[in-house]
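One structure, pasted below without further comment.
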Amino acid sequence: MSELIKKLNWRYATKRMNGQAIPQEKLDNILEAIKLAPSSVGLQPYNVIVVEDKELKDKIFSEAAPRQLQIPDASHLLVFAAWEKLTSQHVDDFIQLIASTRNVSLESLAGYHSSINGGILSRSEEVNFDWAARQAYIALGHGLVAAATEEVDATPMEGFDAAKLDEILGLQEKGLRSVVILTLGYRDHEKDPLANAKKVRRAHEELFISI
Ligand SMILES: Cc1cc2nc3c(=O)[nH]c(=O)nc-3n(C[C@H](O)[C@H](O)[C@H](O)COP(=O)(O)O)c2cc1C
């Protein structure tokens, strides 16, 4: 069994954390893995809000996610928030970033620029928001795997009041809507009923269809 598969068996969606903070270096590695996630056309149409402040975590727990008992004793919450509206400015900034990163001219990117504009900006806001949210979930997956390799516990969470969370974090003013949270910390072996539970997964033959 590879090291990665061992780590993925070790991880589980932790229900109770123990209040211990994760080292900055581990957090940085998890954030870097999230940054390196692929996204459609490379646009990364989301932001990730890193919440460490204890009072803010408590407020999020009590007002936006009272059933998520992991939150108060988590080290950090990563809130994945998709761009509410995609604009030509987003695309222009992205093309500019490619040009400066790869040291190529804007002219050489003109075809790519107009194909992104044609493909994305012609769609409805709702379609683009759903698309942006799907890209954010890929980044969530990277964060989950990275946390496991760092032996940091993590819980992906959709069970929260997104409108309330957006209000607490002032996301609307930033053109963002929260879609999913990744709670980071360390498992509480005694309080977490799932700390020693076996993994439940469909059998290989049921999941994979070989053609
Ligand atoms: C998108 C998504 C949303 C989830 N939402 C919650 C949640 O709100 N609260 C929670 O405790 N677990 C949540 N989970 C965790 C799943 O229940 C868990 O991943 C699943 O049961 C498989 O178990 P494992 O991750 O421990 O292997 C979520 C997982 C995903 C991927």
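Predicted model, so just to flag it, every value in this text is computed and none were measured. Along the sequence shown, residues are numbered consecutively beginning with 1.
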Could you check whether atom CD of E173 has more than 12 heavy atoms from other residues, nucleotides or ligands sitting under 6.0 Å from it?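 Enclosed: over 12 neighbouring heavy atoms sit under 6.0 Å from CD of E173.
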List in chain and number order the residues that pass ring pair (Phe, Tyr, Trp, His ring centres under 6.0 Å) with H189, two or more places apart in sequence or in another chain; answer none if no residue qualifies.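 Result, ring pair (Phe, Tyr, Trp, His ring centres under 6.0 Å) vs H189: none returned.
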Would D130 and R134 count as a salt bridge (charged side-chain N to carboxylate O under 4.0 Å, His left out) here? Give the steps. CA-CA 6 Å; D130 289 345; R134 287 199 296 276; 5.6 Å; no
Measure the CG-CD1 distance between L106 and I98 for me, rounded to the nearest 0.5 Å.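 The CG atom of L106 sits 10.0 Å away from the CD1 atom of I98.
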How far apart are the closest heavy atoms of I116 and F94, and which atoms are they?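 Looking at all heavy atoms of both residues, the closest pair is CD1-CE2, 3.9 Å.
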Enclosure of K198 NZ (heavy-atom neighbours >12, cutoff 6.0 Å):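 Not more than 12 within 6.0 Å, no.
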Please tell me whether L56 and L184 are part of a single hydrophobic cluster in this structure, the criterion being side-chain heavy atoms less than 4.5 Å apart.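 In one cluster: no.
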What distance do T149 atom OG1 and L4 atom CG have between them, rounded to the nearest 0.5 Å?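 So the gap between those two atoms works out to 7.5 Å.
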What about F129 and I120, same hydrophobic cluster or not, with Ile/Leu/Val/Met/Phe/Trp/Tyr joined at side-chain heavy-atom distances under 4.5 Å?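 No, F129 and I120 fall in different hydrophobic clusters.
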In Å and rounded to the nearest 0.5 Å, what is the CD to CG distance from Q24 to L31?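 Between atom CD of Q24 and atom CG of L31 there are 8.0 Å.
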Quick check: is L86 connected to L176 through a chain of hydrophobic side chains (ILVMFWY, heavy atoms under 4.5 Å apart)?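 Yes, it is one cluster - the side chains of L176 and L86 are joined through contacts under 4.5 Å.
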Could you check whether D92 and Q96, counting side-chain N and O atoms only, form a donor-acceptor pair closer than 3.5 Å?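 On atom types as modelled, these side chains do not qualify, holding no pair under 3.5 Å.
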Looking only at heavy atoms, which two atoms of S75 and A21 are closest? And how far apart?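 So the two residues come closest at OG-CA, 3.5 Å.
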Considering non-hydrogen atoms only, spot the tightest contact between I71 and A65 and give its length.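 Minimum heavy-atom contact is CD1-CB, 3.7 Å.
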Between atom NZ of K59 and atom CG of L169, what is the distance when rounded to the nearest 0.5 Å?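 Separation between the atoms: 10.0 Å.
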Rounded to the nearest 0.5 Å, how far apart are NZ of K57 and OG1 of T183?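 The distance works out to 10.0 Å.
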Start with the C-alpha gap between F80 and N47, add the side-chain angles, then the distance that decides, and say whether side-chain contact (heavy atoms from CB on, under 4.5 Å) holds. CA-CA 6 Å; F80 292 76; N47 286 87; over 6 Å; no
Quick one: pull up CD in E125 and OG1 in T87 and give me the separation to the nearest 0.5 Å.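 Rounded to the nearest 0.5 Å, the CD-OG1 separation comes to 10.5 Å.
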Any side-chain donor near an acceptor of the partner, D192 and Y12, under 3.5 Å: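 D192 vs Y12: donor-acceptor pair found between side chains.
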H90: ring pair (Phe, Tyr, Trp, His ring centres under 6.0 Å) partners, not counting sequence neighbours: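 Ring pair (Phe, Tyr, Trp, His ring centres under 6.0 Å) list for H90, sorted by chain: W83.
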Minimum heavy-atom separation for Y46 to A139, with atom names?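 Nearest heavy atoms, Y46 then A139: OH-CB, 3.5 Å.
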Over 12 non-hydrogen atoms of neighbours within 6.0 angstrom of NZ in K191: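 No, NZ of K191 has 12 or fewer neighbouring heavy atoms, counting only those of other groups under 6.0 Å.
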Crowded around Q172 CD? As in, over 12 foreign heavy atoms under 6.0 Å?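 Check fails, neighbour count at 12 or below.
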Would you say the side-chain atoms of E150 and N29 include a donor-acceptor pair closer than 3.5 Å?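 Judged by distance alone, the side chains do pair up.
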Heavy-atom closest contact (L182 atom, P156 atom, distance):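 Heavy atoms only, the tightest pair is CD1-N, 3.9 Å.
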Are L78 and V152 in one and the same hydrophobic cluster, where Ile, Leu, Val, Met, Phe, Trp and Tyr link if side-chain heavy atoms are under 4.5 Å apart?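 The answer is yes; both residues are in one hydrophobic cluster.
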Using the rule that two of Ile, Leu, Val, Met, Phe, Trp, Tyr join whenever any of their side-chain heavy atoms come within less than 4.5 Å, decide whether I30 and L144 are in one cluster.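 Linked within one cluster.
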What I want to find out is whether R177 reaches D166 closely enough, with some N-O distance under 4.0 Å, to be called a salt bridge.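 Looking at D166 together with R177, the answer is no, because their closest N to O distance does not fall below 4.0 Å.
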Heavy-atom closest contact (W131 atom, L43 atom, distance):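 Scanning both residues, the minimum pair turns out to be CH2-CD2, 4.0 Å.
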